[in-house]
Each structure stands twice: as structure tokens, then as C-alpha cells.
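Read through the structure below, which is laid out as C-alpha cells, and then see the notes.
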Amino acid sequence: MKAGGVLPAGAGELIVQGEDLGVWIAGQRTGWDNLMPAQQWLLESVGIEPQAEGEPVPGAPRSQDARWAANSPPPASSTRGKAT
């Protein structure tokens, strides 16, 4: 944000340490009424607003394992023990 970046608008746009920030933001907006006033204020200070009435609710959240699997590179293949 300090460097002029923008917040992700949707899932899959920005992944940090296996966490999809677009999905996280959607969750904060959807559960706005469950947040403490200080949490709401902090989110508003970086440009995150509550979900507008009538705005579609995002899909169900995935487990941490599913997020890691979706955002981790595939394992390196090994050629050890194979004849060429």
C-alpha cells in the first residue's frame, strides 16, 4: 500500500505466505458486523469497506491445506534410480 499498490479485488490476485488476500478481504467484508470497532477502523484506514447490501456473497472458504495445495509449486521430479 505504501508503494502505491492496490488491494486485490478478487481471489487469486495476491497470495502472501499461502494466504489469498482477496479471499481474506472478502471474509472481512462479509463478517463486518462480527468485527470489533477498532478492527473495522483499521480495515477502513486501508480502504476496505463493509459489504454493500445486495452485493453477492463469495463462495465458501477453503481449508488451510487446500489453500497451500492450490498455491504451492509442484514437487520437483526426481530422476534418481531411473534408467535412461
Side-chain angles (χ1 to χ4, degrees):
M1 297 292 298
K2 288 183 179 181
V6 295
L7 292 171
E13 291 182 22
L14 181 60
I15 310 296
V16 177
Q17 296 182 352
E19 185 73 32
D20 188 329
L21 294 185
V23 172
W24 181 83
I25 289 171
Q28 301 311 301
R29 295 182 69 223
T30 301
W32 193 267
D33 293 336
N34 297 325
L35 298 173
M36 299 297 293
Q39 293 171 308
Q40 294 174 351
W41 180 84
L42 286 169
L43 290 170
E44 288 172 338
S45 72
V46 295
I48 300 171
E49 299 290 332
Q51 187 169 354
E53 192 167 325
E55 188 175 343
V57 176
R62 296 181 294 167
S63 69
Q64 183 69 31
D65 289 339
R67 287 185 292 216
W68 274 105
N71 297 306
S72 297
S77 61
S78 174
T79 58
R80 187 183 332 172
K82 292 183 181 177
T84 55

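Distance alone, capped at 3.5 Å, is enough to place a donor-acceptor pair between the Ser45 side chain and the Leu42 backbone. Of the possible donor and acceptor atoms, none in the side chain of Asp20 sits under 3.5 Å from a partner among the backbone N and O of Ile15. Of the possible polar contacts, none joining the Glu49 side chain to the Glu44 backbone as a donor-acceptor pair under 3.5 Å is found. For the pair Arg29 (side chain) and Ile48 (backbone), a donor-acceptor distance under 3.5 Å is absent. A donor-acceptor pair under 3.5 Å links the side-chain atoms of Glu13 to the main chain of Gly10, judged by distance alone.
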Begin from the C-alpha positions of Leu21 and Leu7 and carry the test side-chain contact (heavy atoms from CB on, under 4.5 Å) through to its verdict. CA-CA 8 Å; Leu21 294 185; Leu7 292 171; over 6 Å; no
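Rounding to the nearest 0.5 Å places CG of Leu35 at 5.5 Å from CD of Gln40.
Across Gln28 and Leu43, no two heavy atoms sit closer than the pair CB-CD1, 3.8 Å. A pairwise comparison of heavy atoms in Gly22 and Pro8 identifies N-CG, 3.6 Å as the closest pair.
Residues Val46 and Val16 do not share a hydrophobic cluster, clusters being chains of Ile/Leu/Val/Met/Phe/Trp/Tyr side chains in contact below 4.5 Å.
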